[in-house]
Each structure stands twice: as structure tokens, then as C-alpha cells.
Amino acid sequence: MVNHLRSADWYQGTDRNAYIHRAWMRRGLPEDAFDGTRPQIAIANTASDLTPCNMHLNEVAESVKQGVWAGGGVPYNLPVVSLGETQVKPTAMLWRNMAAMAMEEMFRANPIDGLVLLGGCDKTIPALLMAAASVDIPAVVVPGGPMLTGHFRGQALGCGTDVWRLSEEARAGTITNGEFLQSEQSMIRSKGHCNTMGTASTMAIVAEALGMTIPGFAGTPAADARLLSLSHDTGRLIVDMVAAGRKPSDIMTRESFLNAIIAVAAVGGSTNSVVHLLAIAGRLGIDLTLDDFDAAGSRVPVLANLQPSGTFLMDDLYRAGGVLALLSQVKDLLHPEPITVTGVPLVDYLVDRPVYDETVIFPREAPLMDDAGIAVLRGNLAPRGAIIKPAAATPALLQHVGPAVVFDSIEDLRARIDDPDLDVTADSVLVLRGCGPRGYPGMPEVGNMPLPRKLLEQGVRDMVRISDARMSGTAYGTVILHAAPEAAAGGPLAFVRTGDIIRLDVTGRSLSFDVTDEELQSRSRTPASDAAYAAPVRGWERLYVDHVMQADTGADLDFLVGASGDKVSRESH
Ligand code: FES
């Protein structure tokens with residue numbers, strides 16, 4: 001039985017405003033659409049022709065709509081800001097908070113009792129969850145699903161991962177540039193998002209581990225008929241959730257965030273999940289810190305043999321039993337209390353979940369990698385923390401001492417990295433600054449810097465790289481990211497000089513450079529530090545630069561931390 005609906009503040013009554021709200025919406029809706037018993041459900045839809053990974057979501061929305069009708073609700077398609085990871089400049093991350101803010105305001109401003117959140121490409125599920133958490137009305141995620149596996153010359157192609165790999169092989173001269181370009185036609189085989197364990201796949205699994213999808217939904221391929229059937233089921237479910245008053249804050253608790261961290265570790269998920277989980281938790285007022293990622297995730301074995309850490313792709317994970325089969329392997333590590341959108345705890349879904357292919361989902365007792373997760377490093381190079389994904393790194397480089405080769409921007413790096421006279425060896429540490437949230441602005445995915453051509457030609461395929469940037473979840477290498485504070489906020493990264501000795505000790509969780517405090521104080525500011533940074537003069541970039549927080553707290557805007565709730569505002573007429 002439905003209790004008082006939020007939408008009743010628009011539709012109930014006999015006054016002029018209730019008349020206006022109802023009359024303009026009728027347009028063929030059933031007579032009882034606004035009788036106070038039928039929840040009004042918005043399908044927050046990130047479909048866009050400029051977000052190729054989400055292009056199919058209008059079809060998905062139709063299935064959700066059918067489910068909402070079948071459940072007794074009234075569905076509405078609500079197009080929301082969409083972000084195509086490969087298309088948007090300077091980086092989709094600059095716009096994640098804008099998308100989340102716009103979504104939040106539209107969710108609150110409209111006569112909505114429940115939300116179905118349709119996402120896929122990297123930033124879309126994080127933005128949707130941040131917005132839903134801020135408004136805190138019943139909400140459920142429909143993950144748009146990965147694409148099918150494409151092949152090139154008989155070999156499976158991993159979206160993103162193989163772009164990085166093949167482009168480096170072309171630079172090394174082991175394949176021609178023509179061969180590299182030929183693979184372009186085969187990279188994207190079907191609708192859906194990247195098929196590696198990149199950020200989109202990771203965030204779909206994060207949504208499921210948080211309890212925000214129908215259990216078993218994440219990882220369902222976009223082209224699989226079961227995606228539409230689960231979308232229909234989700235439409236029915238949201239009507240029940242409204243009746244039960246089951247809100248995001250009931251589902252996303254500190255313990256469910258810890259479960260999500262464990263899930264990310266077990267699948268070898270993207271480093272981008274760190275900034276997204278911190279930002280979502282911030283919207284709920286949950287005390288989640290960078291250290292929680294290390295404490296909860298670093299002793300978890302990697303079980304998913306998926307690119308970029310392993311071999312296979314998302315279609316294979318689904319075939320091998322899917323996310324629930326994988327999570328059932330680490331069930332004992334998960335917190336048992338957190339419920340899902342169904343009201344039933346996640347762990348209750350982790351029984352009788354066989355693994356059908358142990359080359360894809362490794363058994364707990366013989367994992368792909370022990371104790372991986374995401375390691376948090378601290379030291380005089382990153383006093384507030386930096387992160388590394390050991391599963392994607394070269395084990396021999398996890399303890400390393402070498403001289404810095406510093407680049408002040410990505411343009412500086414591109415201009416010099418292939419210079420035959422660049423003073424660099426395989427032992428050097430590449431340092432890139434000016435790429436943090438404030439400095440770029442927007443914290444682009446450039447942390448997996450290309451290696452110097454002359455080293456590639458010598459057979460070098462990995463080096464220690466450090467930056468205040470992010471990297472694509474599809475990327476790999478011994479790459480230290482999210483150094484905080486960033487250079488543009490006056491962090492120590494701004495004061496490193498080429499030739500400084502850098503010390504990396506992942507086991508000891510430290511990252512430092514050989515400079516005394518006195519020497520550091522005496523060093524002059526660099527163009528990448530805040531004194532020389534010219535803030536944008538207007539628009540979103542101005543707002544962003546003035547208010548963005550550092551990576552160690554999720555890179556949200558400072559005034560968006562905490563929820564504003566679902567308060568119904570005043571009338572406009
Ligand atoms: Fe959209 Fe990878 S570019 S998920």
C-alpha cells in the first residue's frame with residue numbers, strides 16, 4: 001500500500017495549481033494517473049548519441065517503462081546530462097559534478113516519487129548515484145551493460161586496454177601504424193560500454209555491491225536479451241521500493257561501501273572507483289576515507305582474470321557465472337548486514353552461485369593475484385595520499401628507486417617524450433604534474449604516460465610513473481595516481497626537479513623524494529603550482545576550480561558534500 005507520495009504535493013487538491021500540474025501532464029495518461037495511489041517514476045536516462053556507450057539506453061528505458069506500468073506506477077523518461085568518456089573535452093571528469101548537480105536539482109524540482117537510473121559509460125553511474133544520494137528518494141540503477149567482444153586477426157580486443165597496448169607497439173615499431181589503424185574497425189563490436197574491467201564495468205559492479213541494482217544485473221551484456229528483461233523487472237521493483245519507502249540512505253551504508261571496495265578488489269577494478277566512491281559517500285555524510293580502501297581492499301585476492309589485470313573480457317565473466325558467482329567466492333569477507341534494493345541483504349544472493357569457468361573466475365584458494373586491491377601511498381611526495389593498483393603493475397617495479405624526469409603538463413610530455421636526447425633510462429621515474437582536479441582542470445586520464453620511444457625500442461614496456469592525474473580503468477602499468485595535494489594546490493609534486501631521487505615502496509606504502517624540508521622550502525614555485533595558475537574567468541570551469549576538493553576526498557565540490565534531501569519547493573505560479 002502506497003503511503004503519502006511526494007508527487008501528491010503537485011497533483012492532489014482542487015486548487016488552481018493542482019489543476020495546472022495535472023492538466024499539462026495528462027496527454028493520454030490514464031484517468032487514475034494522479035489519484036494519489038500511483039507512484040510517479042522518473043527514468044533518469046543518460047542516453048545520448050554523443051555518449052556512444054549509452055546510445056542503446058532509450059530501448060532499455062522502454063523496458064523499464066513497461067515494468068513501471070506493470071507494477072502500477074506511472075513512468076516518465078527524464079533525459080539527464082550525459083558524458084561520453086571518449087568524446088568530451090578536456091575530460092569527462094570535469095563534468096561529473098556538473099552532471100550530478102544538474103540531476104540532483106531536476107530530481108528534487110520535479111513531481112517524482114522514485115527513480116530508475118540508467119547509466120553505463122564511466123561517469124554516468126557515479127553522477128547518477130551522487131545525485132540520487134543527495135535527494136534520497138527511492139532509486140535503483142540499471143547498468144547499461146558491456147559490449148560484446150570484438151576480434152582483430154583472430155585475437156580478442158579489449159576496449160581501451162588494447163588501444164594503449166597497440167599504440168605502444170606501433171611506437172615501438174613491432175607493428176606498423178597501418179596495422180594499428182586497421183584494428184580500429186574491430187574495436188567496438190556492439191552496443192554497450194567498454195568490455196574490459198575498466199571504469200564503466202567497475203562502477204556497474206560497484207552499484208551492485210552497494211546494493212543499488214537488482215542482484216545479478218551488473219555485467220549483463222548490453223546486447224543480451226536478459227538486459228531488457230531485468231530492466232522490466234527493475235521498473236516493477238521501483239514501484240515496490242516507493243511503497244516500502246526504501247531509500248538510498250537505507251541501502252548505501254558505510255558497510256555497503258566497504259563491500260563495494262572488496263568487490264572492486266576482487267574484480268581488479270578501476271582506480272577511478274576511489275574518487276567516485278568517496279564522492280558518493282560524501283553525499284550521504286558517510287565517513288569513508290582513502291585509508292578504508294587500503295584496509296578493506298588490499299588483502300582481497302583478485303579473482304577476475306579480466307583485462308587490464310588479466311586476459312578475458314566482460315562477456316566471459318558473464319559466461320563464467322557473473323558477478324554474483326565471483327562475489328560468492330569472497331562472501332566471508334563481505335559485511336552481511338547491508339540490504340539491496342530488494343530489501344534483502346546482498347550476501348543472501350551469494351549462495352549456490354557456481355563458477356562455470358575457472359580460467360575466468362579463479363578459485364579463492366588459487367587466485368589470479370594475492371592481496372591486490374588499491375594501495376594507498378604516503379610520504380613527502382603525497383602527504384594526503386596517492387594510489388596504485390598493484391594488479392595492473394609490474395611486480396618488480398613495486399619497490400623502486402630512481403631519478404625523476406619531470407614534465408610540467410601533458411603538452412610538455414608529448415613534446416619531449418620521444419626526444420632522442422631526453423635523459424631517461426628504464427630506471428627513471430616519469431613525473432607529470434598540473435593534471436589534478438584544479439590544475440588541468442578536471443583531473444584527466446593521462447597518468448599512464450606513454451613511455452619514451454627510445455626505451456620502447458629497447459623492449460621496455462613499463463616504468464614507474466607518478467602524477468596528480470587519473471588513468472583510464474582500462475590502462476595498466478606501474479602508475480601512481482591521484483597524488484594529493486596536487487601541484488596546482490601547492491602540493492609537493494610542484495617542487496620536484498628532474499634528477500631528484502624518488503623512492504617507491506608499495507609494500508611499505510610510501511612514496512617520497514630525497515629532499516630535506518629546508519631544501520623543499522627554498523625551492524621556487526613552478527608554473528604548475530597555484531601561484532602561477534590562471535583560474536578560468538567564468539562558467540562551470542570557474543565554479544569548479546573555486547570549489548573542487550582534492551582527490552583524496554573524492555574531487556566533489558565542497559558545497560555539494562552532504563545531502564539536501566527531497567524537500568518540495570514553493571510554487572512557481
Ligand atoms: Fe564509455 Fe569506456 S568509453 S565505457
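Remember, it's 1-based here, ligands and their atoms both numbered in the order they're listed. As a basis for the values below, the full set of heavy atoms in this structure was taken, side chains included, without hydrogen atoms, waters or symmetry mates. Every value quoted in this text rests on a predicted model; they were computed, and no experiment measured them.
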- Any salt bridge between R165 and E169, counting N to O under 4.0 Å? no

- Task: Could you tell me whether D136 and R283 make a salt bridge, using a distance below 4.0 angstrom between a side-chain N and a carboxylate O?
- Result: no

- Query: Nearest 0.5 Å, what's the CG-OG distance between L148 and S190?
  - Reply: 3.5 Å

- Query: Without hydrogens or angle criteria, can the side chains of N272 and E445 be said to hold a donor-acceptor pair below 3.5 Å?
  - Reply: yes

- Query: Are H151 and R189 linked by a side-chain donor-acceptor pair shorter than 3.5 Å?
  - Reply: no

Need the ligand 1 atom indices (1-based, order shown) with element for anything under 4.0 Å from a heavy-atom of [X].
| X | answer |
| --- | --- |
| E85 | 3 (S) |
| T86 | 3 (S) |
| C53 | 1 (Fe), 3 (S), 4 (S) |
| H193 | 4 (S) |
| A200 | 4 (S) |

- Note on the structure: Looking only at protein heavy atoms, what sits closest to atom 4 (S) of ligand 1 is D122 OD1, 3.2 Å

- Residue and atom name of the nearest protein heavy atom (relative to atom 2 (Fe) of ligand 1), distance in Å to one decimal: C194 SG, 2.2 Å

- Message: Do V81 and W95 make a side-chain contact, defined as non-hydrogen atoms from C-beta onward lying under 4.5 Å apart?
- Response: no

- Message: Report whether any nitrogen, oxygen or sulfur of C121 sits less than 2.8 Å from atom 1 (Fe) of ligand 1 (N, O or S, backbone or side chain).
- Response: yes

